[in-house]
Protein chains: 2
Amino acid sequence: MTDKKKLTLKDIAKALNISISTVSRALKEHPDISNDTIKLVKAYAEEHHYVPNLLAVNFRQNKSYNIGLIIPELVHHFFSSVISGVIQTANQHGYNLMICQSNEKLEDEIKVANALFTSRVDGLLISLSNETDRFEHLFQFLEDDIPVVQFDKISDKLAVPSVTVDDFHGAYKAVSHMIQKGHRKIAHIRGRLIVQNASERCKGYEKALEDHGCEQHADWIKVGKDITEEEGYTYAKELMESDNPPNAFFCITDLVALGVMKYLKDHAFKIPEDVMVMGFSNWKMAEFVTPALSSVDQPGFLIGQKATELLLESIKNDESRMAKTVVLPTTLVIRASTG
Amino acid sequence: MTDKKKLTLKDIAKALNISISTVSRALKEHPDISNDTIKLVKAYAEEHHYVPNLLAVNFRQNKSYNIGLIIPELVHHFFSSVISGVIQTANQHGYNLMICQSNEKLEDEIKVANALFTSRVDGLLISLSNETDRFEHLFQFLEDDIPVVQFDKISDKLAVPSVTVDDFHGAYKAVSHMIQKGHRKIAHIRGRLIVQNASERCKGYEKALEDHGCEQHADWIKVGKDITEEEGYTYAKELMESDNPPNAFFCITDLVALGVMKYLKDHAFKIPEDVMVMGFSNWKMAEFVTPALSSVDQPGFLIGQKATELLLESIKNDESRMAKTVVLPTTLVIRASTG
DNA sequence: AAATTTTACGCAAACGGTTGTGCAAACATT
DNA sequence: AATGTTTGCACAACCGTTTGCGTAAAATTT
């Protein structure tokens, strides 16, 4: 291959018969440099397509201009929206993104966190895996003054800024909506409460029932493990075959709701007339299933944006690194499954 | 903030009273260094958590260990699968990924390509935007000996290795399947033919009709512009209201198929009894719509993996940079919409 | 014992920028 | 005219690692 060397400051300096430092300063319009020289240097650089060696710059500045992102799953509508927001914001500020998956496993999370740490990212964004109950792999960043921001799946054991959606009110609005539609016997299929989102949504559900004076039964709350469609199907079956079947389902996520809908359709229950179904997250598919699924929309893109802004701010100044919480609003999207 | 400096080779050298170069070599077990010294250095490095400064290493090697990825859309099931494959493969080989979106616009594609170029990526993966008909922004990489690999949306004007799925046979299999099910009047809703995938799928469709001796009508082929659900709906309406309505639809993508299904359901056509519908891409939602949508599955993860492998190989040795084509097989996924 | 080879390490340059400091010339002030 | 100030640039150190080369000491061969 042709061995074309990239143009360097030294080359320009030699060509114009001035010093390297003058070239460097001229390119950034340093006040010490005369306008004539600035023009001269810039013209030459432009003409010869000078592009600064970022590797050298970053090394000198001891900054990678990389931020790390750890998410449980990449192939996921919500998380890809988040990524999209992160990328846009990061790029706007001259930062690049290094994305890693934890696959919802603590082991993998630790592995990729260490990799990002050795890569010397300037900051870290993370949505914790469901398994995460230790934080040493994240503390090492803080010990090295590398700011961390958590989003969506967060923990209060990690004292860093966080961005979440208002799961509580999202759930509250969703459940209230079904109550107003006349369906007051509402079941809830949720995840384990160690995950903050699950806990908040459940609280919102309970508060709505309470505020509207609806029946509350412990066995109307089912705890999913993997949060799959199958679980939705199974629990729907259990609940609908019980002595006191509900006439509405509030599901922790759209996938579970789909399982519930499948059971209901298989057994000739009419949605929403007989039984209403509400999801959470508003996946793309929610609008395409039949009947279209009502859901609580989480602003993924916005979360990504906001989290990245917080992180970049923390990178700039130390004071921004205190734990603080940004809570973004959810939007109730009403479709056919709740009338 | 506490000003804790990272441990450097110099620190280790000073502590052990040996030279920096010996430390450097010891850590990589250079044959010039005695086993005793290697052990000594490694022990010290381990104990004090030495982590090499990648910024310095990369600068010194003049390698960023970054590869760029340009895709039309991030929030998209297929592309996030691809990304997932790319990330895994890249990380396995010590490379990081810089992801950019073109939003299907040439202008954006050029912008991000330039950004990646200045970032000095070691290689570039790209799936072209639908608008791309110029290639200067990509040629600059080749001129600088930075290898490029294209996938999915490719162009033969770009003489670099490419990875695609077998759109032709995917389409052929899909259409043949419907014919075998007894639906011989098959319409096709496709995209513009300058996009290679659209062209291949259309050819596969035509070949299947021909091989099975089915009617072929030019007006059974509709050309979508944005490839949206609405277009599917519109064309389904047009076709079903025509004098000679088809009894099957082969759609260039699942989204279009959903639009078609919507029209059919709205107008009381039975799927698949009256009219069959076939999509392409096998999006997540295909299995959740009613009736579940048959589709042609594209192995996104595999494409990402393969493309990355080709790229990394090209980075390693110049000879691997010749244009060559890897074609991955598709899988026909039969669901309710085709019986 | 002298000559040769091997072993094990140190020295110093290099990568391409950034930046603090020094200094001559030009200009302004008294 | 002597002094002080500003302007515009050059010098050189520096970031942390890699690597070619040189060389004493040890090991081996004559």
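Computed from heavy atoms alone, side chains included, the values below leave out hydrogens, waters and symmetry copies. Here is how names work: the chains are called A, B, and so on, in the same order as the sequence lines, proteins then strands, and each is numbered from 1.
- Distance CG (B/L7) to C1' (D/dT17): 14 Å, rounded to an integer number of Å.
- In this structure, A/L16 places its CG atom 12 Å from P of D/dC9, rounding to the nearest Å.
- Mapping B/I18 and A/I20 onto DNA chain C by nearest heavy atom places B/I18 closer to the 5' end of the strand.
- Taking atom CG on A/L27 and atom C1' on C/dT19, their separation rounds to 15 Å, with Å as the unit.
- A salt bridge between B/D11 and B/K6 is absent, with no side-chain N of the basic residue lying under 4.0 Å from a carboxylate O of the acidic one.
- Residue contacts shown for B/D32 include a base, since a base heavy atom lies under 4.0 Å away.
- Although no hydrogens or angles enter the test, the distance criterion places a donor-acceptor pair under 3.5 Å between the side chain of B/R321 and the main chain of B/D145.
- Between the side chain of B/Q150 and the backbone N or O of B/I126, no donor-acceptor pair lies under 3.5 Å.
- Map B/N35 and A/T22 each onto its nearest nucleotide of DNA chain C; the residue landing nearer the 5' end is B/N35.
- Closest to the side chain of B/A56, from the set C/dT19, D/dG16, D/dC9, is D/dG16.
- Heavy atoms of B/T8 sit under 4.0 angstrom from primed sugar atoms or phosphate atoms, though from no base atom.
- Of the candidate nucleotides C/dA8, C/dC11, C/dT18, C/dC11 has the atom lying nearest to any side-chain atom of B/R25.
- Here the side chain of B/K10 is nearest to one of C/dT19, D/dT18, D/dC15, namely D/dC15.
- OP1 and OP2 of C/dG17 both lie 4.0 Å or more from every side-chain N or O belonging to A/S24.
- Here the C1' atom of nucleotide D/dT17 and the CZ atom of A/R120 are 11 Å apart, to the nearest Å.
- With rounding to whole Å, A/I12 atom CD1 is found 13 Å from C/dG16 atom P.
- When each of B/K324, B/M322, B/E313 is tested with B/P161 by the rule side chain to side chain contact (heavy atoms under 4.5 Å, CB included), just one qualifies, namely B/K324.
- Spacing between atom CG of B/N53 and atom P of D/dG16 amounts to 7 Å, rounded to whole angstrom units.
- Put simply, B/K28 has no side-chain N or O that comes within less than 4.0 Å of OP1 or OP2 on D/dT17.
- Aromatic stacking of B/F59 on D/dT17: not satisfied for centres closer than 5.5 Å together with planes under 30 degrees.
- Comparing C/dC11, C/dG17, D/dT17 by their nearest atom to the side chain of B/L9 picks out D/dT17.
- A/S21 comes within 4.0 angstrom of a nucleotide base, judged by non-hydrogen atoms across all strands.
- Whole-Å rounding puts the A/E29 CD to D/dG8 C1' distance at 16 Å.
- Computed from coordinates, the B/N62 CG to C/dG17 P distance equals 10 Å when rounded to whole Å.
- Note on B/E29 versus B/K42: salt bridge recorded, some NZ/NE/NH1/NH2 to OD/OE distance being below 4.0 Å.
- As judged by a 4.0 angstrom heavy-atom cut-off over every strand, B/K63 is placed among residues making no nucleic acid contact.
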